[in-house]
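I have placed the structure first, in the form of structure tokens, so that the comments after it can refer back to it.
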Amino acid sequence: MLDKLRLEEELTSVEVLKKLLVGDDSHKMTALKRLVGCVAMGKYVEEVFVDIVNLVSSPVQQIRRLSHIYIQYHVSLNEEVAIMAISSLQSQLLDRDHVVRANTIKILASMNLLSSIPTLQEAIQTGVSDSSPLVRRTSYAALLSYVDILESNDAYEDQHDDFVLTTLERGFKDRIPFVLSMVYSCWNALLPDSHHLVHDQYFKMVKYLADLDETGILATLDILNRYVRIEFTDPQLVDADDVTEDIDFDIIHADHRKYIDALKILLLHSAPCVITKVVEAMVSIAPRSELHVVVDPILRLLRHSKSLRPLLLKFIEQLMLIDPSLFEHHFKLFLLQPMDTHEIARTKLRLLAAIISEENVHFVVSYLFDIILRCSFHVQKEIVDCLGKISFVQGGFSQFILLEAIKFLRSHNLLLVNEVLVLVKNLVKRHISVQPTVEDLDANAIFSKLVAIVFSDTVLLPESLVAVLYLCGEYLPRILHFAPDMLRVIALNFKTYEVSVKLEALSFVVKCMKLFDPRLLNPKKVEEVVEEPEETLDDFLASEGEEEEEKEEEEEEKESEELVAEEPVPEKPVFEEPATEEPVIEAKSVYPDELNTKLIQIVDYIFRMCHFDGNPEVRDKYRLIEKSLEFGGSFIEALCLNMPAPVLQEDLMISSGLLMCSMSFHLGRRLEDYYDLPIWSTEVNKHGLRVDDTEVVMKEDQGFTMDDLSSGYDDEYDQYDDYDESEVETDEKPIKLVEPKIELEKGASLDDWLNSDEEEEGETAPAGAISLGSISLPVTLQQPTPLSPVEVEEEDKEDELEDAYESYYDSEEELE
């Protein structure tokens with residue numbers, strides 16, 4: 001390996017290369033090939049630059065081309081070297097070889113020098129009128145570098161705008177797709193807002209759309225999408241009288257319809273970038289009723305292009321937001337595969353949850369439960385979330401999902417068990433809240449497995465343990481015989497729990513206290529205690545005077561009572577009915593007295609740990625429970641309220657109006673350089689500036705003018721109304737019929753005259769004339785063309801066949 005590297009260094013050394021460049025053409029070719037290899041590897045060999053510049057004027061074509069590759073690489077890196085090459089490159093603009101002319105323009109465009117701008121401008125002006133399409137395309141590509149050099153040096157002025165516009169207008173007249181592709185690319189990059197230039201080029205761009213290369217198609221679609229938005233109205237905004245099942249074709253403008261038809265043809269293109277761009281254009285400017293045409297091209301790319309699957313799945317996700325029924329019958333393509341990445345699997349599962357229906361729900365759910373154990377943990381988590389969304393969309397199928405999910409609670413994969421517990425919590429909550437009297441739901445079996453998980457030594461995540469405690473607390477009457485043991489387990493492990501688990505455990509303890517705690521079984525109303533403020537010295541002195549006044553008032557009241565006592569008092573009835581009190585039914589505990597006392601001790605132990613817990617949230621919740629126990633009744637019921645069932649919705653990505661082929665769409669946020677499409681026009685612009693250039697070219701070739709086009713097709717045939725056959729010049733002499741003068745003798749008939757062969761003396765029929773007595777018809781007889789030997793043989797064969805058939809039929813007649 002070292003020997004090979006040393007050999008390469010020796011071959012590409014400056015001394016060896018200079019010796020080769022001084023030799024004959026074969027040695028020069030060897031040196032140039034080694035230098036091109038250095039360029040490919042990124043090596044910078046500046047020492048032989050002057051020698052290579054001298055080879056630009058070599059008579060050998062291949063030497064000139066290789067030297068251009070070397071010069072272009074070094075000129076773009078070193079500005080001082082670029083100045084040395086300008087003068088020698090100007091003469092190459094008039095070279096016979098079109099490749100040399102194109103490479104020269106490339107080299108001038110790669111120089112980031114203001115001093116090279118006049119030379120580059122002159123090269124572009126001569127290049128756009130060159131007879132070679134390659135040179136013209138390179139000239140328009142150099143126009144982009146021309147503008148970049150001026151903008152980078154802050155030297156761009158209004159006069160340069162005129163040069164760019166005149167150069168592009170010259171390119172619009174070109175009719176070679178290879179050149180038009182670069183013209184439209186420059187137009188889209190330099191003048192994106194100049195939609196007024198599209199009026200004359202609209203039909204031409206639509207016509208040549210399928211013939212352009214990939215770069216030209218992408219640029220042309222950008223231009224036409226913006227133009228259609230400005231010139232035409234939105235096809236979705238239809239008046240109420242015109243609304244039908246599908247949008248009427250008459251509502252869409254004819255020019256707009258022509259562009260949509262051209263887009264449908266482009267869907268057959270082989271390049272994925274073109275197909276994705278066409279899909280973006282159809283979503284942006286086509287009616288929703290015609291989006292079904294993009295389904296097959298996208299699915300074709302999805303099957304055959306693995307690298308584009310994340311991009312295409314996002315496209316499908318966006319199309320599903322517009323019309324969910326587009327991919328309803330292709331749901332099998334979105335089923336997970338074991339080799340799918342996390343990103344692809346997550347997108348596929350979102351699509352499955354969006355297109356799920358009663359017809360395919362059983363197949364999809366069964367497939368997900370079969371494949372869940374063969375996937376990674378991240379994909380398993382996404383599958384569990386997808387099952388929860390499916391149960392929300394298809395409510396009648398949630399019981400099947402619940403029973404199948406419970407089977408995974410005994411799995412050795414603890415991460416999967418944790419996710420399934422959260423799913424079971426949501427499913428049970430929704431199932432029992434929607435159908436509280438379901439008989440076929442084996443609730444006891446479900447909760448017995450949940451309680452067994454609490455008693456086991458498995459290490460659960462906080463979220464899953466919270467789910468278990470929540471379920472057991474919400475449906476405590478179903479697990480009465482397990483509640484004491486669960487309290488004991490909570491008391492033993494309370495110190496090791498996370499904060500979220502401690503808070504849920506406190507709620508579970510309060511719900512259990514309603515079964516055995518006398519404070520909650522028979523709540524009493526507690527009178528409000530009004531706290532008296534502390535007495536100050538001023539209050540004490542003021543209170544002495546108040547006491548004397550009170551004594552005087554009491555003496556006056558006593559005197560008034562003595563006077564009232566002297567008056568007669570009415571007698572009370574002999575029989576007085578006693579006041580009846582409603583009997584109070586005391587609630588009893590569901591557990592024995594001995595167990596109740598132990599449970600109360602366990603609860604007090606848990607509360608004592610909460611009182612000294614280090615987390616403030618746990619201490620605050622304990623204080624709330626302690627005060628609620630003093631007031632009892634409604635306060636405890638407020639702590640034990642049942643929470644509503646969870647609502648699971650599809651989290652499909654919603655990108656508000658972002659173009660599907662933009663970077664902002666895939667990042668999910670609007671970037672600074674994002675260029676959005678304009679808003680739809682409120683009415684169609686009927687200015688008549690769009691002219692179909694394709695029809696104009698055809699008619700000019702046939703000898704018509706623009707005046708003939710304005711009068712319509714009917715006027716084209718009006719010029720033949722005054723046609724006179726006598727004015728037509730022909731080489732053949734016309735047949736002139738002479739009126740016959742028939743003179744019959746007396747007693748002779750016309751038959752005798754026709755049968756007579758006598759001719760009058762001195763009268764002879766002209767050459768080529770047919771004579772019938774005194775009637776002469778001058779005609780021109782055409783000589784028959786001689787037959788070739790092959791044709792003569794074919795005629796002879798046909799004659800022989802005819803003779804054979806005739807003899808055959810004659811023999812049959814004789815036999816009959």
Side-chain angles (χ1 to χ4, degrees), residues 184 188 198 202-203 205-212 214 216-238 245-302 305 308 311-330 351 355 652-662 664-666 675-681:
Y184 295 149
N188 186 38
V198 189
Y202 180 78
F203 290 101
M205 295 171 75
V206 173
K207 176 187 175 183
Y208 286 94
L209 191 58
D211 299 329
L212 304 175
E214 288 84 354
I217 291 174
L218 300 181
T220 307
L221 290 179
D222 285 337
I223 296 170
L224 292 177
N225 288 344
R226 291 192 292 268
Y227 181 78
V228 168
R229 284 285 193 117
I230 295 172
E231 292 293 321
F232 307 115
T233 57
D234 189 356
Q236 303 302 325
L237 301 178
V238 185
E245 295 181 358
D246 294 329
I247 294 179
D248 191 1
F249 278 69
D250 296 333
I251 298 172
I252 302 175
H253 195 274
D255 297 344
H256 189 185
R257 168 59 56 191
K258 192 170 185 178
Y259 176 48
I260 294 175
D261 294 340
L263 290 177
K264 294 178 181 178
I265 296 173
L266 280 180
L267 289 172
L268 303 175
H269 205 279
S270 59
C273 61
V274 175
I275 295 176
T276 52
K277 192 68 177 180
V278 172
V279 172
E280 177 193 296
M282 291 292 291
V283 172
S284 302
I285 58 98
R288 299 290 179 262
S289 59
E290 299 185 28
L291 286 181
H292 63 277
V293 298
V294 306
V295 174
D296 291 337
I298 291 180
L299 295 180
R300 184 177 71 246
L301 288 178
L302 188 65
S305 181
L308 293 176
L311 173 66
L312 296 172
L313 287 173
K314 288 186 178 180
F315 274 44
I316 294 172
E317 197 172 5
Q318 186 69 16
L319 291 172
M320 290 286 294
L321 294 174
I322 299 172
D323 189 359
S325 63
L326 288 176
F327 298 90
E328 187 175 1
H329 302 291
H330 306 281
L351 293 173
I355 63 175
L652 288 175
M653 180 181 61
I654 301 175
S655 42
S656 56
L658 297 176
L659 295 177
M660 299 168 66
C661 291
S662 62
S664 300
F665 172 79
H666 299 286
Y675 193 74
D676 201 356
L677 289 176
I679 304 174
W680 284 99
S681 177

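Only this structure's heavy atoms are used, side chains among them; waters, hydrogens and symmetry mates stay out.
Residues Met320 and Leu326 have side chains not in contact (no heavy-atom distance under 4.5 Å, counting atoms from C-beta outward). Within the 4.5 Å cutoff, no side-chain heavy atoms of Asp255 are placed close to those of Val206. Counting heavy atoms from C-beta on, the side chains of Met205 and Ile223 come closer than 4.5 Å. Residues Ile285 and Leu224 fail the side-chain proximity criterion, which asks for heavy atoms closer than 4.5 Å. When side chains are defined from C-beta on, Arg300 counts as touching Ile275, because their heavy atoms get closer than 4.5 Å. Under the 4.5 Å side-chain criterion, counting only non-hydrogen atoms from C-beta, Val283 is not in contact with Gln318. Here the side chains of Arg257 and Ile260 are in contact, with some heavy-atom distance below 4.5 Å.
Evaluation of the side-chain contact (heavy atoms from CB on, under 4.5 Å) rule for Thr233 yields Val684 as partners, not counting sequence neighbours. By the side-chain contact (heavy atoms from CB on, under 4.5 Å) test, Asp211 is found to be paired with Pro177, Tyr208, residues two or more places apart in sequence or in another chain being considered. Legend: residues meeting side-chain hydrogen bond (donor to acceptor under 3.5 Å, both in side chains) with Ser325, ordered by chain and number and at least two apart, are Asp323. Considering only residues two or more places apart in sequence or on other chains, Ala271 meets the side-chain contact (heavy atoms from CB on, under 4.5 Å) condition with Glu214, His269, Cys273, Val274. In this structure Phe327 satisfies the ring-ring contact (aromatic ring centres under 6.0 Å, His included) test with no other residue, sequence neighbours excluded. The side-chain hydrogen bond (donor to acceptor under 3.5 Å, both in side chains) check on Tyr202 picks up nothing, with sequence neighbours excluded. Every residue two or more places apart in sequence or in another chain was checked for a side-chain hydrogen bond (donor to acceptor under 3.5 Å, both in side chains) with Arg229, and none qualifies. Qualifying side-chain contact (heavy atoms from CB on, under 4.5 Å) partners for Leu302, counting only residues two or more places apart in sequence or in other chains: Leu299, Arg309, Leu312, Leu313, Ile316, Phe334.
Smallest separation of non-hydrogen atoms from Leu658 and Ser664: CD1-O, 3.7 Å. Of all the heavy atoms in Glu290 and Met282, the pair that sits closest is O-CE, 3.8 Å. The heavy-atom pair separating Ile217 from Leu209 by the smallest distance is CG1-O, 3.4 Å. The minimum heavy-atom distance between Ile230 and Pro678, with the atom names listed, is CG1-CG, 3.8 Å. Scanning all heavy atoms of the two residues, the minimum distance from Leu659 to Phe665 falls at O-CB, 3.0 Å.
For the pair Asn188 (side chain) and Tyr184 (backbone), a donor-acceptor distance under 3.5 Å is absent. Of the possible polar contacts, one joining the Thr220 side chain to the Gly216 backbone as a donor-acceptor pair under 3.5 Å is found.
One finds the CG atom of Asp234 at 11.5 Å from the CD1 atom of Ile679 (value rounded to the nearest 0.5 Å). The NE2 atom of His329 lies 10.0 Å from the CD1 atom of Ile355; values are rounded to the nearest 0.5 Å.
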For this session: List the steps and the verdict of side chain to side chain contact (heavy atoms under 4.5 Å, CB included) for Lys258 and Asp261.
Result: CA-CA 5 Å; Lys258 192 170 185 178; Asp261 294 340; 5.5 Å; no
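Atom CD1 of Ile322 has more than 12 neighbouring heavy atoms from other residues, nucleotides or ligands inside a 6.0 Å radius.
Between His256 and Trp680, the ring-plane angle classifies as tilted under the 30° and 60° cut-offs.
Between Lys314 and Glu317 there is no salt bridge, since no side-chain N of the basic residue sits under 4.0 Å from a carboxylate O of the acidic one.
Tested against Met660 for a side chain to side chain contact (heavy atoms under 4.5 Å, CB included), the candidates Leu311, Val279, Thr276 yield a single pass: Val279.
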